[in-house]
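As the structure lists them, so they are numbered: ligands from 1, and atoms in each ligand from 1. Note that this is a predicted model, so its numbers are computed, not measured.
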Amino acid sequence: MTLPAPKKPALQSVDLPHGLALLRDPLLNKGTAFSLAERDSFGLRGLLPPHVSTMEEQADRILKHLRRLPDNLEKFVVLNALRDRNETLFLRVVCDNIDEIQPLIYTPTVGEACQRFGDIFQRPRGLYISTNDRGQIVQLMRNWPHPTRLIVVTDGERILGLGDLGANGMGIPVGKLSLYSACAGIHPSLCLPVVLDVGTNNAELLTNPQYIGLRQPRLRGDDYDAIVDEFMQAAQQVFPDVLIQFEDFANHSAFRLLQRYRDTACVFNDDIQGTASVALAGLFSALRVTGGRLTEQLLFLGAGEAATGIADLVVAAMVAEGISEDEARRGIWLVDSKGLVVKARKDLAEHKLGYAHEHPPVTDFLAAIKELRPTGIIGVSAVGGTFTSEVLRTMAELNARPIIFALSNPTSHAECSAEEAYRHTDGRALFACGSPYAPVTFGGVSFVPRQGNNSYIFPGVGLGVIASGASRVTDEMFMVAARTLSSLVTEADLAQGSLYPALPRIREVSCRIAADVSGLAYKRGLASGRVPDDVLGFVRAQMFEAEYRSYLAP
Ligand code: NAD
């Protein structure tokens, strides 16, 4: 099965709305770029200023305006308004300036945007499903007018490292789906952002007059499960073949929901599986430099979704290399807010148990490093500054090329900055970050740290799943995606300390990942239809290009 919206659907002029309705349809609007002939055909004369712009002129105007704005939240608002007017131009601007724009439409800016969502709210986007809609979610979903193939859904309980933001969490699915379209060319009409508003326990939001969500405490227990279940059934009923991505659910829901639906629906959790894949890719790249193997000790600061997701995929990758699962787990250690995760502790949540080793309790991260002598530390604690100068120096004493991944975001929550990582390890750190950092010069060497951003992975995996019509998303797909991503890191990248490819290559990266994920889906019997002769070409042909097309019949 192929995507329902071909790259350039053959639209006849009769299909299109006329006049203001055309200008107000963001999927069709071209603004001042409508040609004079189109203006005549569609009743647009006089509704637009006389100069016919090129797309380049329009993009240039947007960029100049953006660059004059004093802060990132304002830029976020302007970019959202652009998308609400003209999706094609929005995607053109994002694709051509991905380094500059991604941090504005996604992390770190989206974190602040979600915190202040009510203040900056202009017009709704996506579906808001609340506890008030129980029993009617199918009807509600039928209100969505587009043929959806991809849903990103959150319940807003753990937005980035910022905690419970309730319905304000909608900023996350909206941002993620923009990245799907920009990075992997998934047509925006196929993408549906959803927030499940089950209340919030954020006291500040509950009393904030600008808060957009229900003012009630979060549903828990069976009531919560019932609404998620109803949503899952409704989504699959209204949009057969839909891929559903869970996003920013709290630990206690995320692992459970993934477990519950992964074998019966086409779902994945990006915080767990996407993060794992991008981190594993970074490790593969780092090992190309150190010449080491995955079996060496890795110590995580944090033991939540990101940490255990990464740890599980690293274990799976080691098992795929022929190592026993027990041995693989022995090399992986976690530190949470109460110290080293060890068997003796009685307070451990289920998802940590697989990494609870026989060891006396250790409460301090630095002490754990000194005892375990890891080759790499991976920060996913959402606590800023926890990779102190002493932590970094100790890693540099223990390793010629210490692996230092400070993945927490937004930036204020990063375990250390790029500059700190290089300074305290004499420029020897193999560094990846969760937040964007500018290049760093240390000791006369210029380092280009790159973000271990999930956007290297999820757009490609999603495209691969949709393009092949895969019925399930498997961990093996994320392992394959990690290998493909790391294989695209060049020797020149590694030489400057970059463990990921340059972001402007993202569409090529997504296309290659999608092809390998599709190939795997066919191989495992999860895909529908005949295996294409040229999987890469087949996937590439389905990627939407952000270009205007003529609306005049030939
Ligand atoms: P989470 O809430 O599931 O887990 C956080 C973990 O950190 C918990 O186990 C908690 O016990 C532990 N922790 C809290 N304070 C600590 C402390 N002082 N010392 C040690 N551990 C402590 O969150 P998550 O989904 O695992 O995400 C964690 C962070 O990783 C967030 O900042 C998130 O934005 C970031 N993240 C980054 C990427 C990426 O860069 N690709 C992807 C996903 C998540």
Side-chain angles (χ1 to χ4, degrees), residues 102-103 106-108 110-111 114 154 157-165 169 172 175-176 179 245-256 258 269-283 299-313 333-341 345 347-353 355-356 362-369 377-388 391 405-415 431-437 449-458 478 481-482 485 499-500:
Q102 177 165 296
Y106 204 64
T107 55
V110 73
C114 287
T154 186
E157 188 166 5
R158 200 243 46 195
I159 295 301
L160 307 172
L162 300 169
D164 182 353
L165 297 183
I172 297 291
K176 279 252 145 120
L179 294 181
Q245 175 179 326
F246 292 124
E247 189 69 40
D248 285 4
F249 284 76
N251 277 193
H252 56 92
S253 306
F255 291 106
R256 226 167 33 85
L258 182 60
N269 181 308
D270 186 54
D271 306 304
I272 299 173
Q273 296 160 287
T275 302
S277 185
V278 79
L280 180 61
L283 286 173
L299 178 62
F300 288 76
L301 184 68
E305 289 167 50
T308 49
I310 299 168
D312 288 349
L313 200 64
W333 295 77
L334 314 178
V335 169
D336 67 12
S337 54
K338 303 204 177 87
L340 194 62
V341 169
R345 279 177 54 182
D347 59 341
L348 296 176
E350 173 104 22
H351 62 275
K352 303 179 190 176
L353 293 178
Y355 301 97
V362 179
T363 47
D364 177 34
F365 184 55
L366 182 62
I369 293 179
I377 51 174
I378 300 184
V380 271
S381 61
V383 183
T386 35
F387 288 178
T388 59
V391 161
F405 287 6
L407 297 182
S408 290
N409 52 47
T411 314
S412 58
H413 293 207
E415 285 77 11
F431 179 73
C433 39
S435 302
Y437 288 105
R450 293 213 174 115
Q451 219 180 329
N453 197 313
N454 296 29
S455 65
Y456 282 116
I457 295 288
F458 69 81
F478 287 96
L485 177 57
L499 302 181
Y500 297 99

In terms of atom number and element, which parts of ligand 1 are under 4.0 angstrom from non-hydrogen atoms of [X]?
X: Gly161; answer: 32 (O), 34 (O)
X: Gly302; answer: 6 (C), 7 (O), 12 (C), 21 (N)
X: Ser408; answer: 29 (C), 30 (O), 32 (O), 35 (C)
X: Leu301; answer: 19 (N), 20 (C)

Using distance alone, determine whether [X] and ligand 1 share an N or O pair under 3.5 Å.
X: Cys433; answer: no
X: Asn454; answer: yes
X: Gly452; answer: yes

[atom]: nearest protein contact (heavy atom, Å):
atom: atom 14 (C) of ligand 1; result: Ser381 O, 3.6 Å
atom: atom 31 (C) of ligand 1; result: Ala382 CB, 3.8 Å
atom: atom 36 (N) of ligand 1; result: Leu407 O, 3.8 Å
atom: atom 42 (C) of ligand 1; result: Thr275 OG1, 3.0 Å
atom: atom 28 (C) of ligand 1; result: Val380 O, 3.2 Å

Non-hydrogen atoms of [X] and [Y] that approach each other most closely:
X: Ser277; Y: Ile457; result: OG-CD1, 3.3 Å
X: His413; Y: Ser408; result: O-CB, 3.3 Å
X: Leu485; Y: Ala281; result: CD2-CB, 3.6 Å
X: Asn454; Y: Thr275; result: ND2-OG1, 2.9 Å

Please work out whether any backbone atom (N, CA, C, O) or any side-chain heavy atom from C-beta onward of [X] is under 4.0 Å from ligand 1, and answer side chain, backbone, both or neither.
X: Glu305; answer: both
X: Asn251; answer: side chain
X: Asn409; answer: both
X: Arg158; answer: side chain

Exercise. Which is closest to atom 17 (C) of ligand 1 in terms of heavy atoms, Ala279, Gly304, Gly282, Ser337?
Worked result: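 Checking each option, the heavy atom nearest atom 17 (C) of ligand 1 is found in Ser337.
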
For this session: Give the single entry among Pro410, Gly434, Ala306 that approaches atom 44 (C) of ligand 1 most closely by any heavy atom.
Result: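 Answer by nearest heavy atom: Ala306.
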
Exercise. Within the side chain of Gln451, is there an N or O that forms a donor-acceptor pair under 3.5 Å with the backbone of Gly434?
Worked result: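 Side chain of Gln451 to backbone of Gly434, a donor-acceptor pair under 3.5 Å: yes, one is there.
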
Exercise. Is there a donor-acceptor contact under 3.5 Å from the side chain of Asp271 to the main chain of Asp248?
Worked result: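 Yes, the answer is positive, given that a donor and an acceptor are paired below the 3.5 Å cut-off.
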
Exercise. Is the closest heavy atom of Val383 to ligand 1 under 4.0 Å?
Worked result: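 Contact check Val383 vs ligand 1: positive.
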
Distance from [X] atom [atom1] to [Y] atom [atom2], nearest 0.5 Å?
X: Arg158; Y: Glu247; atom1: CZ; atom2: CD; answer: 8.0 Å
X: Phe458; Y: Asp270; atom1: CZ; atom2: CG; answer: 6.0 Å
X: Tyr106; Y: Lys176; atom1: OH; atom2: NZ; answer: 3.5 Å
X: Arg450; Y: Leu499; atom1: CZ; atom2: CG; answer: 9.5 Å

Problem set entry | Salt bridge present between Arg345 and Asp336 (N-O < 4.0 angstrom) |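 A salt bridge links Arg345 with Asp336.
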
Exercise. Are any of the side-chain heavy atoms of Val391 and Thr386 separated by less than 4.5 Å?
Worked result: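 Answer no - side chains too far apart.
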
